[in-house]
Amino acid sequence: MLVPKRVKHRKQMRGRRKGMAHRGANVAFGEYGLQALEAAWITNRQIEAARVAITRSIKRGGKMWIRVFPDKPVTKKPAETRMGKGKGAPEFWVAVIKPGRVMFELEGISKAAAQEAMKLGASKLPIRTRFVERHELGGE
């Protein structure tokens with residue numbers, strides 16, 4: 001599962017998820033991409049589930065890139081705990097996704113195979129996505 005090796009601060013504020021993605025909005029490495037249409041926190045488990053679904057679908061053909069990394073810790077307090085006594089312990093890690101962000105990329109397989117693989121991967125994610133091609137977004 002994807003987790004940072006080390007972080008400067010163990011706990012982080014929640015932040016806001018407004019606006020569009022400026023970075024990572026183009027297909028940069030492969031031919032096809034899976035682009036987010038909504039803002040969300042995607043957990044390391046969801047990224048891993050999507051990765052497994054996509055790699056199983058392409059069956060050792062082609063190359064895949066994961067363009068998101070879960071670098072934000074999410075804390076939780078134990079169940080049935082009274083209010084106060086500080087912030088909870090880090091429970092899991094999330095990647096902050098904004099609309100327009102390309103999350104996965106593929107190359108070396110046909111368009112139909114890539115579309116099917118991305119559809120299977122998208123079904124593991126909690127947001128709406130769309131299939132994009134390199135030329136469609138104005139990338140190279």
Determine whether [X] and [Y] make a side-chain contact, defined as any pair of heavy atoms from C-beta on separated by less than 4.5 Å.
X: Phe69; Y: Pro4; value: yes
X: Leu34; Y: Val102; value: no
X: Thr55; Y: Met64; value: yes
X: Thr129; Y: Leu37; value: no
X: Arg56; Y: Leu120; value: no
X: Pro126; Y: Ile42; value: yes

Decide if atom [atom1] of [X] counts as having more than 12 heavy atoms of other residues, nucleotides or ligands within a radius under 6.0 Å.
X: Met1; atom1: CE; answer: yes
X: Lys72; atom1: NZ; answer: yes
X: Lys11; atom1: NZ; answer: yes
X: Lys77; atom1: NZ; answer: yes
X: Arg17; atom1: CZ; answer: yes

Taking all atoms of both residues into account, what is the closest heavy-atom pair of [X] and [Y], and its distance?
X: Ile127; Y: Glu38; result: CA-OE1, 3.4 Å
X: Ala117; Y: Ile54; result: O-CG1, 3.5 Å
X: Pro90; Y: Pro73; result: CB-CB, 4.4 Å

**OP:** Could you pull out all residues at least two apart from Arg51 that satisfy salt bridge (charged side-chain N to carboxylate O under 4.0 Å, His left out)?
**Re:** Glu48
Subject >> Atom pair NZ/CD of Lys87 and Gln12 - distance to nearest 0.5 Å >> reply: 8.0 Å
Original post:
From Glu91 CD over to Thr43 OG1, what is the distance, rounded to the nearest 0.5 angstrom?
Top reply: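 OG1 of Thr43 is found 12.5 Å from CD of Glu91.
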Subject >> Test log, rule side chain to side chain contact (heavy atoms under 4.5 Å, CB included), inputs Val132 and Arg130 >> reply: CA-CA 6 Å; Val132 289; Arg130 73 178 186 142; 3.6 Å; yes
Subject >> side chain to side chain contact (heavy atoms under 4.5 Å, CB included) between Trp65 and Leu106, worked out >> reply: CA-CA 7 Å; Trp65 288 266; Leu106 286 172; over 6 Å; no
Original post:
So, are Glu133 and Lys111 salt-bridged, with charged N and O less than 4.0 Å apart?
Top reply: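 Salt bridge present between Glu133 and Lys111.
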Original post:
Thinking salt bridges, do Glu107 and Lys63 make one under a 4.0 Å N-O criterion?
Top reply: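 Salt bridge: no.
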Original post:
Counting N and O atoms only, with roles assigned by atom type, does the side chain of Glu116 sit under 3.5 Å from a partner on the main chain of Ala113, one being a donor and the other an acceptor?
Top reply: no
**OP:** List the steps, then state whether side chain to side chain contact (heavy atoms under 4.5 Å, CB included) holds for Val3 with Asn44.
**Re:** CA-CA 7 Å; Val3 293; Asn44 52 357; 3.6 Å; yes
Original post:
How would you list all residue pairs meeting ring-ring contact (aromatic ring centres under 6.0 Å, His included) that involve residues 32-61, not counting sequence neighbours?
Top reply: Tyr32-Phe131
With a 3.5 Å cut-off and sequence neighbours excluded, list the donor-acceptor pairs that the side chains of residues 93-101 form with protein atoms.
unit_1, atom_1, unit_2, atom_2, d
Lys98, NZ, Lys18, O, 3.3
Arg101, NH2, Arg67, O, 2.5

Subject >> Ile58 reachable from Ile66 in the ILVMFWY side-chain graph, under 4.5 Å edges >> reply: yes
**OP:** Determine, step by step, whether Asp71 and Leu2 satisfy the side chain to side chain contact (heavy atoms under 4.5 Å, CB included) criterion, reporting the C-alpha distance in whole Å, the side-chain angles of both residues, the deciding distance to 0.1 Å, and the verdict.
**Re:** CA-CA 9 Å; Asp71 56 356; Leu2 295 171; over 6 Å; no
